[in-house]
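Report on the following structure.
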Protein chains: 2
Amino acid sequence: MVETTRRREIEAVASSLFHERGYAGTSVRDIARALDIQGASLYAHVASKEEVLWAIVDRTAIRFEAAADAAAAATAGRDPASRLEQLVRAHVAVVTEDVQRASVFVREWRSLAREPRMDIARRRDEYERRFRAVIDDGIATGAFAAVDVTAASAFILTALNGLVSWYRPGGRLGEAEIADAYAHLALAALRDSVPER
Amino acid sequence: MVETTRRREIEAVASSLFHERGYAGTSVRDIARALDIQGASLYAHVASKEEVLWAIVDRTAIRFEAAADAAAAATAGRDPASRLEQLVRAHVAVVTEDVQRASVFVREWRSLAREPRMDIARRRDEYERRFRAVIDDGIATGAFAAVDVTAASAFILTALNGLVSWYRPGGRLGEAEIADAYAHLALAALRDSVPER
DNA sequence: CCTACCGATCGGTAGG
DNA sequence: CCTACCGATCGGTAGG
């Protein structure tokens, strides 16, 4: 499938509907109706409903990965707290940049067929590993308290992902405020409460 | 609808399927098949598919509310940190006690029709308000850092709810370990990093 | 991008 | 709890 304007419109509209009603709760005709075309006409642009979900999920996964890569590159060699802070800020930026797509990525990837679902599962694990590695380092250096790394990374990552269920563009809290607050909360959660003594 | 054994079995099976595939992704026949009866036979026990979702969601909402009530009652008059700790522990307990139902409550309440959905939305707001109130108090007393209360309560509550997507009964981390870790993380996230000086 | 159409499945009812 | 059945809708194809 070539990347036409129409194709991009379809993905935008689908992201919005999948975000609101979920993948299974959205029909191909719902998407078509939002574009003022017939349901069957959609198939001139996409191979299947699932292919649209895949396009949204894969692209968004790439954004998260690229943002985390950039954060890691920018903070290489620095202390764990700074590295985690940038990972958190990168994640918040990707979510706020496009909540609908981020929401579909976070919530609807389970609706994919076996193979693509396993691909995403693997990439999510990889992504989580970045957080775990930084937390591990922080515990090793004494910057972070000796918490259970699985629980801590799950706590922080699900909090970050939870942003998709409450962030509203144009709301009182913009991306900058949320990034600051979330970076502070995540770091404070991990930081050893009695650092120097 | 009277509460028969069959009725309870239906809700248990439906919780499991809704947890795995979502409400919209689960058919009435899927539920019936898991019970070894015909799809139409389900209607001898339930009025509609949505009524089953409502039963699960409403009961689970009641559990969260009751657990928070008990936590609040047990810590009335105490310091904000202790009160928040017990709210966190209560939440973790309800999730781990029945992940499937908790997961359906957290993820699928949006699939309800307008009226029940608004009822749940209202009760979720009410529930969040308990967290906000304690956080507000903690900031007022100086026990907590002066974070944005909306961001902080959303961060913590979505982290708590995120447990439904990774908790596995019988896994390495049991309810006690998770409750300890999550209570620590939530309190540390809020605590003023330089309390006495 | 449309019309016309496909088989399959959806939630649900009637009547036992 | 079953059989038999309902209209509506599902994702998708053929052929223009």
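The basis for the numbers below is simple: all heavy atoms, side chains too, and nothing from hydrogens, waters or symmetry mates.
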| Of the nucleotides C/dC1, D/dG11, D/dT13, which has the atom closest to the A/Ser41 side chain? | C/dC1
| query | Over how many whole Å does the gap from A/Arg6 atom CZ to C/dC2 atom C1' extend? | reply | 13 Å
| Between atom CD in A/Glu9 and atom C1' in C/dC1, what is the gap in whole Å? | 13 Å
| query | Can you check the A/Leu17 CG to D/dG11 P distance for me, whole Å? | reply | 12 Å
| message | Tell me the interatomic distance from B/Gln38, atom CD, to C/dA14, atom C1', rounded to whole angstroms. | response | 16 Å
| note | If pairing means Watson-Crick or G-U wobble with both distances under 3.5 Å, then the partner of D/dG15 is C/dC2
| said: Expressed as a whole number of angstroms, how long is the span from A/Leu42:CG to C/dC2:P? | reply: 10 Å
| field | B/Ala40 side chain, from C-beta outward: closest of D/dG11, C/dC1, D/dT3 | value | D/dT3
| query | Between D/dC1, D/dG11, C/dG12, which nucleotide has the shortest distance from any of its atoms to the side chain of B/His45? | reply | D/dC1
| request: Would you check if the distance from the ring center of B/His91 to the ring center of B/Tyr127 is below 6.0 Å? | output: yes
| Backbone N or O of A/Ser27 within a donor-acceptor pair of the A/Asp30 side chain at under 3.5 Å? | yes
| Starting at CG of A/Leu53 and ending at C1' of D/dG11, how long is that distance when rounded to a whole Å? | 14 Å
| Is the side chain of A/Ser82 donor-acceptor paired with the backbone N or O of A/Arg78 at a distance under 3.5 Å, no angle test? | no
| C/dC1 P sits how many Å from A/Arg33 CZ, rounded? | 17 Å
| query | In whole Å, what is the span from the CH2 atom of B/Trp54 to the C1' atom of C/dG11? | reply | 21 Å
| N/O (side chain, B/Arg29) to phosphate O (OP1/OP2, C/dT9) under 4.0 Å | no
| query | For C/dT9, which nucleotide is its Watson-Crick or G-U wobble mate, given both distances must be under 3.5 Å? | reply | D/dA8
| note | On DNA chain C, more 5' by nearest nucleotide between A/Asp36 and B/Gly39 is A/Asp36
| Salt-bridged, B/Arg123 to B/Glu126, with N to O below 4.0 Å? | no
| Between C/dC10 and B/Ser27, is there an OP1 or OP2 to side-chain N/O distance shorter than 4.0 Å? | yes
| message | From the set C/dC1, D/dG12, D/dC2, return the single nucleotide nearest to any side-chain atom of A/Tyr43. | response | D/dG12
| message | I'd like to check B/Asn161 versus B/Arg124 (side-chain heavy atoms, cut-off strictly below 4.5 Å). Are they in contact? | response | yes
